[in-house]
Amino acid sequence: MQFLAGNAVALLESGQQYFPALEAAIERAELEIFVQSYIFEDDRSGRRIADALARAAARGVAVRVMVDGFGGRSFVAGLESRLRDAGVQVLIYRRELRRFSLQRHRLRRLHRKLVVIDGCEAFVGGINIIDDYEPHGVQHPRYDYAVKVEGPLLEPILASAHRLWRLVAWASFQRREHHPLRAEARTEPAGEIRAAFVLRDNLRHRRAIEEAYLEAIARARRDIVIANAYFFPGRRFRHALAEAAARGVRITLLLQGLADHPMQAYATRALYPYFLACGMHLFEYHRSHLHAKVAVIDDHWATVGSSNIDAFSLLLAREANVVVDDVGFARQLRGSLEAAMAEGAQELRASDWRRLPLLRRGLSWLAYQCVRLAIGLAGLGRVH
């Protein structure tokens, strides 16, 4: 992980801040746009961004959109042809033909949420192109984060977007095609923030994001705050947190209260007694669906990205996080997390777990075993 100085990194909270900033950047584009997303929904937010991309293509911008074949099924059914007709170049990452499969090669997905515009600004985070509000759901928006980046960090971000586009284009058409950049990365200083771009894939960087977390946790001296939607850490990660707690670091975990994947949520809850026994502070967010994948350590290290802390993330071959070493940014993210906990989270204690009905505790244990079995069937080995 290489930190680069001289960046401007702006925190964007949920779609209410992200989509207006993204749309405005697309409208400013003059040369080239890369969009890579797990989900690109055919809903109000998706159509709004699709319209902006179509307008960019109409004025001569090279617009290159890549969407995951599983997460983007509604995109394939609706928006794909519409964007192609507008002159947008579209690639589908591992087009999904069967909805259910545990074969390892079919479970590798494009899970990053990344946009690069004219080589001068990028958006990285956990926010898919989808409405914040669930149909017929709760009244508050989905809780998530992204960052807007300008400065030297554009070089590795753009290189990653361009490389993946070329790889998938080659795989899709079974021949090599030349896809030169129309806009090189603008790397002159844009601010004063040190930041790094960290990728996960199944080749060179399979554990890069996890290692970035583990290194920061090992150095922690005061406190660790982690907000993560799908939190099912392996043994190394759990032990790293336990060791930090044992040396006096205050650890706060903000996890899903309203579960959009109940099996995984129940499996995570089977780990609650361990977290609580280690002295960690555990909160569940109930105001809306928590989709964030962020952390703050010791008021200077922070990360925002698409990577969950769970064993299944090893199946999601393409992830991207931005790691920031800056007091101002870390404090801003911490303040946002504290506000979220105050507004919509419930703290759980060991006594709360013991008071749960035996059936619910049994369901958590059963879900934990099912998730372990699924991981084993997928060829990832055991979750200890």
Can you measure from [atom1] ([X]) to [atom2] ([Y]) and round to the nearest 0.5 angstrom?
{"X": "R236", "Y": "I217", "atom1": "CZ", "atom2": "CD1", "result": "10.5 Å"}
{"X": "E80", "Y": "D85", "atom1": "CD", "atom2": "CG", "result": "10.5 Å"}
{"X": "R44", "Y": "I49", "atom1": "CZ", "atom2": "CD1", "result": "12.0 Å"}
{"X": "F70", "Y": "L110", "atom1": "CZ", "atom2": "CG", "result": "13.5 Å"}
{"X": "I157", "Y": "E121", "atom1": "CD1", "atom2": "CD", "result": "11.5 Å"}
{"X": "I129", "Y": "Y38", "atom1": "CD1", "atom2": "OH", "result": "14.5 Å"}

Under 4.5 Å between side-chain heavy atoms, counting indirect links through other Ile/Leu/Val/Met/Phe/Trp/Tyr residues: same cluster for [X] and [Y] or not?
{"X": "V327", "Y": "V323", "value": "no"}
{"X": "V249", "Y": "Y274", "value": "yes"}
{"X": "Y133", "Y": "I127", "value": "no"}
{"X": "L31", "Y": "L154", "value": "no"}

Apply side chain to side chain donor-acceptor pair (under 3.5 Å) to H300 and D325, showing your working. CA-CA 5 Å; H300 69 89; D325 183 7; 3.0 Å; yes

Within a strict 4.5 Å, meaning less than it, do heavy atoms of the [X] and [Y] side chains meet?
{"X": "D326", "Y": "V9", "value": "no"}
{"X": "L258", "Y": "Y285", "value": "no"}
{"X": "Q256", "Y": "Y230", "value": "yes"}
{"X": "L158", "Y": "F34", "value": "yes"}
{"X": "I130", "Y": "D43", "value": "yes"}
{"X": "E319", "Y": "I209", "value": "yes"}
{"X": "E150", "Y": "N7", "value": "no"}
{"X": "F329", "Y": "V147", "value": "yes"}

Does atom CD (E347) have a neighbourhood of more than 12 heavy atoms from anything else shown, all under 6.0 Å? yes

Between the main-chain N or O of [Y] and the side-chain N or O of [X], is there a donor-acceptor pair closer than 3.5 Å?
{"X": "S37", "Y": "I39", "value": "yes"}
{"X": "E32", "Y": "A62", "value": "no"}
{"X": "R112", "Y": "N321", "value": "no"}
{"X": "T303", "Y": "A295", "value": "no"}
{"X": "R109", "Y": "R94", "value": "yes"}

Could you tell me if R194 sits above the aromatic ring of F3, with its cationic atom closer than 6.0 Å to the ring centre and no more than 45 degrees from the axis? yes

Can you say whether the rings of F275 and Y272 are parallel (under 30°), tilted (30 to 60°) or perpendicular (over 60°)? tilted

How are the rings of F237 and F231 set relative to one another: parallel (under 30°), tilted (30 to 60°) or perpendicular (over 60°)? perpendicular

Compute whether any side-chain donor of one residue and acceptor of the other, for [X] and [Y], lie under 3.5 angstrom apart.
{"X": "E155", "Y": "T187", "result": "no"}
{"X": "R200", "Y": "S307", "result": "yes"}
{"X": "D144", "Y": "S14", "result": "no"}

Checking D118 now: which residues fulfil side chain to side chain donor-acceptor pair (under 3.5 Å) with it, not counting sequence neighbours? none

Checking D298 now: which residues fulfil side chain to side chain donor-acceptor pair (under 3.5 Å) with it, not counting sequence neighbours? none

Got a salt bridge between [X] and [Y], using NZ or NE/NH1/NH2 to carboxylate O under 4.0 Å?
{"X": "D131", "Y": "R47", "answer": "no"}
{"X": "E184", "Y": "R186", "answer": "no"}
{"X": "E284", "Y": "R269", "answer": "yes"}

